[in-house]
Amino acid sequence: ELHTLYHSAIANSERDPYRYGFILDNWKRCEQLLSQHDAVVALGGNRASKTQLGAHLTVKCAMQNEGSLIVCFAQNAELSVLVQQSAIFHQLPAEYKQKTLGQDEYISYTKQNGFAGNSLIFPNGSRILFKTYSQYTQNQTVLEGLELGAFSPNVVNLGAWCDEYLGGPELVDTLSFRLATRNSKMLLTFTPIEGYSETVRQFLDGAKTIETKEAELLNNRALPYVQECSNRDAAIIYLHTKDNPFSGYERVAKEALAKGDESWILCRV
């Protein structure tokens with residue numbers, strides 16, 4: 001019986017992660033921070049589950065906040081399909097993984113091309129749109145007229161998710177105005193491989209550390225886990241690779257120790 005329960009739980013989590021998926025503790029903490037602040041920056045190591053966190057929250061908010069509009073940004077069209085749209089599809093309820101076509105809903109997905117029309121519409125009227133940073137760079141009016149989030153949310157009112165955002169603060173500032181109408185929230189998830197960029201500086205300069213977590217690969221040094229921004233209503237959460245039990249952490253740790261580069265470990269792990 002125990003064997004059956006164990007493998008059924010794993011199978012269900014893959015088949016229908018919306019209902020039966022494993023929710024990591026730092027995902028819960030991130031959602032809590034989003035309920036308290038206008039924006040949350042999730043800075044994570046490699047394989048720390050940043051993208052699955054973003055996809056989980058996007059699908060949850062679209063499913064439970066009727067009539068919501070959530071825009072998801074990725075680096076380019078290829079990565080939007082391969083990474084972000086794939087993660088959203090994985091997090092969908094099982095019944096929506098079959099083609100859903102109707103007057104008020106539209107969900108059509110293939111591994112090769114992602115979601116048809118770079119969007120999906122749920123039966124409750126919620127819509128998820130997929131955009132790229134290059135689209136915004138070429139035409140900064142791509143967000144004009146959009147009222148992001150939901151008018152009457154039942155859970156966190158997510159309106160925008162920016163994955164692996166390495167650009168300047170212009171898009172963040174533009175999204176902030178689009179989010180204001182429905183008082184919705186913004187989630188940014190990325191590994192800051194380009195270092196202390198202007199966007200990182202916007203959020204981290206003068207940030208106050210609220211919680212710390214020990215870094216095993218740095219002699220258990222206490223590092224920030226949750227911070228609050230000093231100049232805007234936003235929080236930062238640091239997702240450590242070790243906190244994702246599906247990350248293959250032992251292999252990552254071995255490679256990190258072999259490098260022996262503290263700055264690399266701080267960024268990547």
Side-chain angles (χ1 to χ4, degrees), residues 18 23 26-43 50-74 80 84-85 87-88 91-93 104-107 115 118-133 135-136 140-165 167-190 199 202-203 226-229 231-237:
Y18 177 74
I23 310 300
N26 50 21
W27 293 12
K28 296 175 185 175
R29 189 71 179 97
C30 183
E31 184 174 358
Q32 182 184 38
L33 290 169
L34 270 174
S35 70
Q36 299 168 345
H37 300 278
D38 290 343
V40 168
V41 179
L43 296 174
K50 304 178 300 297
T51 301
Q52 289 299 333
L53 160 65
H56 161 72
L57 285 176
T58 299
V59 171
K60 178 178 179 177
C61 294
M63 286 288 295
Q64 299 188 32
N65 294 335
E66 183 178 347
S68 64
L69 174 60
I70 305 173
V71 62
C72 300
F73 273 92
S80 176
Q84 196 172 50
Q85 295 187 42
I88 291 285
Q91 292 290 337
L92 288 177
D104 299 316
E105 63 266 0
Y106 191 96
I107 302 174
F115 289 99
N118 288 311
S119 71
L120 59 158
I121 305 172
F122 293 85
N124 68 354
S126 290
R127 181 192 292 258
I128 299 174
L129 293 176
F130 297 97
K131 301 285 186 183
T132 67
Y133 302 124
Q135 282 178 320
Y136 176 77
Q140 297 193 2
T141 66
V142 294
L143 295 172
E144 289 300 316
L146 298 183
E147 295 181 359
L148 302 175
F151 278 119
S152 303
N154 297 306
V155 294
V156 168
N157 193 11
L158 185 67
W161 167 33
C162 299
D163 192 34
E164 296 297 350
Y165 181 58
E170 298 81 16
L171 175 60
V172 174
D173 293 338
T174 300
L175 280 171
S176 296
F177 287 108
R178 298 288 116 208
L179 296 164
T181 304
R182 300 185 180 183
N183 192 29
S184 54
K185 317 282 186 160
M186 174 168 39
L187 174 67
L188 296 96
T189 55
F190 62 104
T199 303
Q202 260 200 338
F203 287 94
V226 173
Q227 293 180 316
E228 288 184 350
C229 299
N231 57 355
R232 61 172 64 206
D233 184 14
I236 305 112
I237 184 169

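What you are looking at is a predicted structure, and each value in this text was computed from that prediction instead of being measured. Excluded from the calculations below are hydrogen atoms, water molecules and symmetry mates; all remaining heavy atoms, backbone and side chain alike, are included.
In terms of heavy-atom proximity, Thr181 sits nearest to Glu147 at CG2-CD, 3.8 Å. Of all heavy-atom pairs spanning Asp104 and Ile121, the tightest one is O-CG2, 3.4 Å. Here the shortest heavy-atom pairing between Leu175 and Cys162 reads CD1-SG, 3.5 Å. Residues Arg182 and Asn157 come closest through the heavy atom pair O-ND2, 2.9 Å. Across all their heavy atoms, Gln84 and Asp163 have their closest contact at NE2-CB, 3.6 Å. Looking at every heavy atom in both residues, Leu33 comes nearest to Ala235 through CD2-CB, 4.2 Å.
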- Task: Applying side-chain contact (heavy atoms from CB on, under 4.5 Å), run through Gln140 and Thr174 and close with a yes or a no.
- Result: CA-CA 9 Å; Gln140 297 193 2; Thr174 300; 5.6 Å; no
- Message: One pair to check against side-chain hydrogen bond (donor to acceptor under 3.5 Å, both in side chains): Gln202 and Asn231. What are the steps and the verdict?
- Response: CA-CA 8 Å; Gln202 260 200 338; Asn231 57 355; over 6 Å; no
- Mind running side-chain contact (heavy atoms from CB on, under 4.5 Å) on Asp38 and Arg232 for me, showing each step along the way? CA-CA 8 Å; Asp38 290 343; Arg232 61 172 64 206; over 6 Å; no
- What do the steps show when you test Ile128 against Phe115 for side-chain contact (heavy atoms from CB on, under 4.5 Å), and what is the final call? CA-CA 10 Å; Ile128 299 174; Phe115 289 99; over 6 Å; no
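With Asn124 contributing its side chain and Met63 its backbone, the two residues share a donor-acceptor pair below 3.5 Å. Side-chain N or O atoms of Gln64 include none that pairs as donor or acceptor with a backbone N or O of Asn154 at under 3.5 Å. Using a distance-only test at 3.5 Å, with no hydrogens or angles considered, a donor-acceptor pair links the side chain of Thr132 to the main chain of Gln135. A donor-acceptor pair under 3.5 Å links the side-chain atoms of Asn65 to the main chain of Val156, judged by distance alone. Looking at Ser184, its side chain does come within 3.5 Å of a backbone N or O of Leu148 through a donor-acceptor pair. In terms of modelled atom types and a separation under 3.5 Å, the side chain of Lys50 and the main chain of Leu43 share no donor-acceptor contact. The backbone N or O of Ala150 lies less than 3.5 Å from no partner atom in the side chain of Ser68, so there is not a single donor-acceptor pair.
The aromatic rings of Tyr136 and Phe73 sit perpendicular, their planes meeting at an angle over 60°, well past the 30° parallel limit.
Using a 4.5 Å cut-off on side-chain heavy atoms (C-beta onward), Leu143 and Leu171 make contact. The side-chain heavy atoms of Val40 and Lys185, taken from C-beta on, include no pair separated by under 4.5 Å. Side chains of Glu228 and His37 form a contact here, defined as non-hydrogen atoms less than 4.5 Å apart. Between Cys229 and Ile236 the shortest side-chain heavy-atom distance falls below 4.5 Å. In this structure the side chain of Glu66 never reaches within 4.5 angstrom of the side chain of Ser152, judged on heavy atoms. Within the 4.5 Å cutoff, no side-chain heavy atoms of Trp161 are placed close to those of Leu53. Contact annotation: the side chain of Leu188 approaches that of Val172 to within less than 4.5 Å [non-hydrogen atoms, C-beta and beyond]. Within the 4.5 Å cutoff, side-chain heavy atoms of Gln52 are placed close to those of Trp27.
Remark: Arg127 CZ to Phe122 CZ distance equals 11.5 Å, nearest 0.5 Å. One distance of note links CG of Leu146 with CD1 of Ile70; it measures 13.0 Å at 0.5 Å rounding. Summarising the geometry, atom CZ belonging to Phe151 is positioned 10.5 Å from atom CG belonging to Leu69; distances are rounded to the nearest 0.5 Å. Leu120 CG to Glu105 CD: the interatomic distance, rounded to the nearest 0.5 Å, is 11.5 Å. Gln32 CD to Cys30 SG: the interatomic distance, rounded to the nearest 0.5 Å, is 10.5 Å. Separating the CG atom in Asn118 from the OG atom in Ser80 is a distance of 6.0 Å, to the nearest 0.5 Å.
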